[in-house]
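Below is one structure, written out as structure tokens, with a few remarks after it.
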Amino acid sequence: MATRTRPSWLDQLNPEQQQVVLHAHGPLLVLAGAGSGKTRALTCRIAHLISVRGVDPHGILALTFTNRAAREMKHRVQELCGPEADGVFAGTFHSFGARFLRRHAPRVGRTNGFTIYDDDDQLRLLKRLLKAAGLGDRSVAPAEARRLVERTRRGMDPDAMNLPPGLQPAALRTLLDRYQAALDVANALDFGDLILRPAEALEADPAFCARIQAQRPWVLVDEYQDTDAVQERLLGALAPAGGDLMVVGDDDQAIYVWRGAQVDNILGFQERRPGSTVVRLERNYRSTAAILSAADGVIGRNRNRLGKRLLPTLGAGEPVEVAECQDGRDEARQVISAVSRAIRTEDAAPSDFAIFYRTNAQSRTFEDALRSRGLPYEVVGGVRFYDRAEVKDVLAYARLAINRNDGVACLRILNTPARGIGKKARGDVLAAAADGSPWDGVLAMAATSGRAGKAVTGFAALIDRLAELAQTLPPSQALAGICDESGYADMLRDRQAADPTARDRLDNLQELLAAAADHEEAREEATLASFLEAAALHTDVDNWDPAHGRVTLMTLHTAKGLEFKRVFLTGMEENLFPLARGGAVVDVEEERRLAYVGITRARRRLILSWARRRMIHGETRVCTPSRFLREIPPSALKTQLSPVESATAEHLARRSHRPPPDPFSDADFIDYDPDYDAQDSFVPALGARVAHAVFGEGEVVEHLGGHGPKTRVAVLFPARGVKRIVASYLTPVQT
DNA sequence: GGGTGTTATCTTTTT
DNA sequence: GATAACACCC
């Protein structure tokens, strides 16, 4: 091997990081605790492959979950080895899938101009299909239908699912078929397709698959703990068993299990890829020892984890603080006062601060408080810019101009602004379309005389004119033309007197045009189509930049992967965090991992707040402090929690002093502590699908006795055989 | 057919 | 508290 000079940055890495960078060949699993420099190890490895081992950058594929993470990774590789890094593909799973499919569209029955249906598009389509199937009214909620679609994508069988009362497996199959057919007619693919279809295309043609593998033999995956079954399938196709696949993850930061991520991917990696190397990164370079102690105290309560240390490299730092507040407004007041005080007296900058919360609804009180104090702030997440109704409407015109068969787009703007195509005419259009696209219905209706026919003719002519714009003008000008020609901008202008939001909506359209202009700057060959794809795959955090110099407000989920000097973790109350649904906490361990993610974002200062009363769903509720507060070692806290709090959370305090059993002990049978999380356990029925964090998913084959959460059951795990387990260690698999 | 007002519903996290 | 579906009136 032609070894070039040993780069100086290699010496700045710790031995484990060096091991990652220098790893020669074969599968590599990196278990990286929070703040352990995993991105550094990842980027240095890529740089090392290129500049020392002489690997062709085009042979490197780095997959992440957000565009922001991908951009940052690429940027850092460029810093290390210069413009050579340009050849590396660093992108999200979805952007990789989209790019792959543009190139190989015919393999999945599409043309390369296919449209991407986002969540909202998917929901609208399902809603229409449900209505057409007579399941429209409350028997099957569209969101439920979407979950079922996603579940079948991950390989589940409708017959094995727990379906809502109004839906038979056969009806679900029909629905799925119609959904698929509608996507086919529309030349559209939904988010799930962007990953599933490439996997299927590769699996279907071994020679093709081998060619792709040879093109990009180096595959690196970040945040591996959040991959789902389909993503794992894609990775299986992209990297052969003994191939150079590197995955980096932290089972303690798995916060998307609710969305189908399977922690089993990371837990079972070594088994699936024999001969793999495992490296643990446990030295933390981000946070003070006090913050790490808090993080460790909380995550240590989880039973289902591989178990990692967080070794501090910094001093103890300031103790972690807990702020008790009277209500949500008081909480906002206290938090913002602390921010403002630190800026005044401690030379802190607004961008040092992050305010985290469990649900988006909590952001408002903080926004109000920040605004009245005149502090610059930025809310990241919530309603995505590209999900705002007016933005989606205008983009729907663009989509329809490019692709007349985009049914969701067509129906969305058929009568927006109002042009005389009401409920009746809309029904006629759909009837005329039959199994074809709604546009076929539009053309059929346009051929009729009468009032509706005339209106529809006008609509068809409008779309033809817009198509002309779309073909001849750059994206920003084409969109400007759409706002004008369609009458959409006029509609908003007319509404300004009556509707105070109309002004904001007009501003949003201006912002859309600006975003399109930015896109033109950034891409060599910017087209309206490429802008639409970027818009569909864009996330809110992609734009976030500490250089904006603002206080950052975001949910804990959005915070993953980021770090801040000073962090406020707010709403630390039972039922809010951990969040309860329908009166019960669904998965405490996942909530706890979320708390762990939040705590470990903080570099220097961490303040947790809780309110005695809080408005929830429009009514004031009395709250008790989160059990997670109790789980922080008292030695890491500035002030001890008051006795009142411990009285209200007595049972939580009691259980929190018991060490969790080791989930990896060799004992075939795991002992049960009745006080521990009893309220979160359930007793699965015979034949029920259940999940175990270590063994994965299985089926209950026998009841072995015991009562309530103590019930012991035998579970058949496809990969591991039959295990006898106490029910409380199992979670139901939603079907 | 369209626009307005009312009611009902449901509130998590998102590539 | 906010939004969406719904009913009613023009």
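Naming: A, B, ... by sequence-line order, numbering from 1 per chain.
The interatomic distance linking A:Phe577 (CZ) with B:dT11 (P) rounds to 20 Å, in whole Å. Rounded to a whole Å, the CZ atom of A:Arg358 is 12 Å from the C1' atom of B:dT14. For the pair A:Glu590 CD and B:dT14 P, the interatomic distance rounds to 13 Å; values are reported in whole Å. The interatomic distance linking A:Arg128 (CZ) with C:dA5 (C1') rounds to 19 Å, in whole Å. Atom CD1 in A:Ile195 sits about 7 Å away from atom C1' in B:dT15, given to the nearest Å. Straight-line distance from the CE atom of A:Met554 to the P atom of B:dT12: 20 Å, rounded to whole Å. As rounded to whole Å, 13 Å separates atom C1' of B:dG1 from atom CE of A:Met445. Rounded to an integer number of Å, the gap from A:Leu556 CG to B:dT14 P is 10 Å.
Residue ring and nucleobase are stacked for A:Trp258 and B:dT13, with a centre distance beneath 5.5 angstrom and an angle between planes beneath 30°. Residue side chain A:His617 fails the stacking definition with respect to B:dC10, as its ring centre and the base's six-membered ring centre are not both under 5.5 angstrom apart and under 30 degrees in plane angle.
With rounding to the nearest 0.5 angstrom, the CH2 atom of A:Trp258 is 10.0 Å from the CZ atom of A:Arg581. Taken to the nearest 0.5 Å, the CZ atom of A:Arg451 stands 12.0 Å off from the CD1 atom of A:Ile421. Here the straight-line distance linking atom CG of A:Leu126 with atom CD of A:Glu144 works out to 11.5 Å at 0.5 Å rounding.
At a threshold of 4.0 angstrom between heavy atoms, the contacts of A:Arg581 include nucleobase atoms, whether or not backbone atoms are also involved. Residue-level contact check: A:Phe93 touches neither bases nor backbone, having no heavy atom under 4.0 Å from any strand. Using a 4.0 Å heavy-atom cutoff across all strands shown, A:Asp226 reaches no nucleic acid atom at all.
Between A:Thr555 and B:dT14 there is a side-chain polar atom (N or O) within less than 4.0 angstrom of OP1 or OP2. Between B:dT13 and A:Thr558, no contact under 4.0 Å exists linking OP1 or OP2 to a side-chain N or O. One finds no side-chain N or O of A:Arg259 lying less than 4.0 angstrom from the OP1 or OP2 phosphate oxygen of B:dT12. Look at A:Thr539 and you won't find any side-chain N or O under 4.0 angstrom from OP1 or OP2 of B:dT14.
Nearest nucleotide to the A:Arg451 side chain, out of C:dA2, B:dG1, B:dT14: B:dG1. Out of B:dT15, B:dT12, C:dG1, the shortest distance to the side chain of A:Thr359 is found at B:dT12. Comparing C:dA5, C:dA2, B:dT13 by their closest approach to the side chain of A:Lys127 singles out C:dA5.
Evaluation of atom-type donor-acceptor distances gives no pair under 3.5 Å for the side chain of A:His557 against the base of B:dT14.
Side-chain rings of A:Phe577 and A:Phe628 approach one another, their centers coming within less than 6.0 Å.
Looking at A:Leu101, A:Asn187, A:Thr115 one by one, the single match for side chain to side chain contact (heavy atoms under 4.5 Å, CB included) with A:Arg110 turns out to be A:Asn187. Put simply, the residue from A:Leu411, A:Val408, A:Asp190 that forms a side chain to side chain contact (heavy atoms under 4.5 Å, CB included) with A:Leu125 is A:Val408.
In this structure, A:Tyr357 and A:Phe366 have parallel ring planes: the angle between them is below the 30° cut-off, well short of the 60° mark.
Residues passing the side-chain contact (heavy atoms from CB on, under 4.5 Å) test with A:Asp387 are A:Asp118, A:Val383, A:Arg384, A:Lys392, sequence neighbours excluded.
Near DNA chain B, meaning a heavy atom under 4.0 Å away, the residues from residues 412-431 of chain A are A:Asn415, A:Ala418, A:Arg419, A:Gly420, A:Ile421, A:Gly422, A:Lys424, A:Ala425.
Between the P atoms of B:dT13 and C:dA4, the separation comes to 15 Å (whole Å).
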